[in-house]
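Report on one structure; see the data block that follows.
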Amino acid sequence: MIPQTFVVFASPVTLRLSLPANPRQRVTGEPAPPVERSFARLPLLVQIDPIHRQIRASLSPLPGQLELYASTDFSAACADSMDDHAARVLQLLGSTPSPTLQALIDGTELPAPPPRVPREIANWRAKAVLATTGKLSLVDGLIEGMDEPQASVLRLAWNGNAALQRTSQTVVSIGQALGMSAADLDAFFIAADAISL
């Protein structure tokens, strides 16, 4: 049996729901009066749609679905664990999840999601952002200062056409050496992905 995955909120969220309160309402179709309920967590169901290359999330008992990933991230996101999907839901909901969850319930337009942090970027994009911020030579120096054979391997990847993965320990370590927080690295990846020629 697969254990149930939940989206766990930092603090309980209060939502207005119109759920049938008794069996008679379910049979007669009488509208249920809205009731306020608080949730510390909601069960997560993930739907993978290979035809449209989308991954969506349902949070029972809420109607509607959240788009977790569109076609640009579909292939990589298919390998994510349920905990990864739960973390993505929390990222989309932001620090105050109630408005987005209430919009799902009401069927109204969802608030704009936070910018998508790319899972990977091409080396040239990273170098372009580093060059505009004056940090490209610092990264080159960090690579040269590493022990062998790591320096040679990293130098070949950095000067080749490899892609940088956001979750790579090497990327995180170099970011920390440059004084970048996790949010700074996210912003760096977003800026690099947004470059258009």
Side-chain angles (χ1 to χ4, degrees), residues 2-121 125 165-167 181-196:
I2 298 173
Q4 175 69 60
T5 299
F6 290 88
V7 173
V8 180
F9 305 110
S11 58
V13 295
T14 302
L15 304 169
R16 289 183 319 279
L17 295 167
S18 295
L19 299 175
N22 60 53
R24 182 176 175 277
Q25 286 176 318
R26 288 189 191 100
V27 173
T28 63
E30 291 177 40
V35 294
E36 285 196 353
R37 288 185 54 194
S38 290
F39 299 91
R41 63 185 194 162
L42 289 170
L44 174 65
L45 176 66
V46 173
Q47 177 188 13
I48 298 175
D49 180 352
I51 295 172
H52 297 102
R53 297 179 56 79
Q54 294 177 329
I55 299 177
R56 297 175 125 354
S58 297
L59 302 166
S60 179
L62 309 185
Q65 293 182 321
L66 282 173
E67 181 178 80
L68 298 184
Y69 297 103
S71 59
T72 51
D73 290 313
F74 178 81
S75 296
C78 280
D80 283 359
S81 69
M82 287 300 285
D83 289 338
D84 293 331
H85 292 312
R88 175 66 173 162
V89 169
L90 289 173
Q91 179 193 27
L92 290 174
L93 296 176
S95 58
T96 53
S98 295
T100 302
L101 294 174
Q102 193 63 54
L104 276 178
I105 294 166
D106 299 339
T108 57
E109 186 175 344
L110 297 176
R116 179 185 69 86
V117 179
R119 289 170 175 264
E120 62 180 34
I121 54 173
R125 290 180 176 278
Q165 294 185 0
R166 172 60 186 88
T167 57
S181 66
D184 294 335
L185 267 177
D186 287 346
F188 176 85
F189 268 65
I190 291 168
D193 192 54
I195 296 172
S196 60

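Start at 1 with the first residue, then count along the sequence.
- Expressed to the nearest 0.5 Å, how far CG of D106 lies from CG of L17 amounts to 9.5 Å.
- Minimum interatomic distance between P97 and V13 (heavy atoms only, all atoms of both residues): CG-CG1, 3.4 Å.
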Would V117 and L185 count as a side-chain contact (heavy atoms from CB on, under 4.5 Å) if you check the C-alpha gap in whole Å, the side-chain angles of each, and the deciding distance to 0.1 Å?
CA-CA 9 Å; V117 179; L185 267 177; over 6 Å; no
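- Residues L101 and F39 are not in side-chain contact: their nearest non-hydrogen atoms beyond the backbone lie 4.5 Å or more apart.
- Of all the heavy atoms in S38 and T14, the pair that sits closest is OG-OG1, 2.9 Å.
- Heavy-atom minimum distance, P43 versus S60: CD-O, 3.2 Å.
- Not one N or O on the side chain of D186 forms a donor-acceptor pair closer than 3.5 Å with the backbone of A183.
- Legend: salt bridge (Lys or Arg N to Asp or Glu O under 4.0 Å) pairs involving residues 55-69, not counting sequence neighbours: none detected.
- Comment: R166 does not engage D193 in a salt bridge, judged by the lack of any side-chain N to carboxylate O separation of less than 4.0 angstrom.
- Side-chain N or O atoms of R53 include none that pairs as donor or acceptor with a backbone N or O of F74 at under 3.5 Å.
- When every heavy atom of A192 is checked against every heavy atom of I121, the shortest pair comes out as CB-CD1, 3.6 Å.
- Q165 CD to F189 CZ: the interatomic distance, rounded to the nearest 0.5 Å, is 8.5 Å.
- Of all heavy-atom pairs spanning P61 and L42, the tightest one is CD-CD2, 4.0 Å.
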Full working for side-chain contact (heavy atoms from CB on, under 4.5 Å) between R88 and D84:
CA-CA 6 Å; R88 175 66 173 162; D84 293 331; over 6 Å; no
Might you work through the side-chain contact (heavy atoms from CB on, under 4.5 Å) test for I105 and R16, ending with a clear yes or no?
CA-CA 8 Å; I105 294 166; R16 289 183 319 279; over 6 Å; no
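- Residues satisfying the side-chain hydrogen bond (donor to acceptor under 3.5 Å, both in side chains) test with S58, not counting sequence neighbours, are Q65.
- Side-chain contact check for L62 versus L15: some heavy-atom pair is nearer than 4.5 Å.
- Nearest approach of I55 to H85, heavy atoms of both residues: CG2-CE1, 4.2 Å.
- L59 contributes atom CG, which lies 11.0 Å from atom OG1 of T100 (distance to the nearest 0.5 angstrom).
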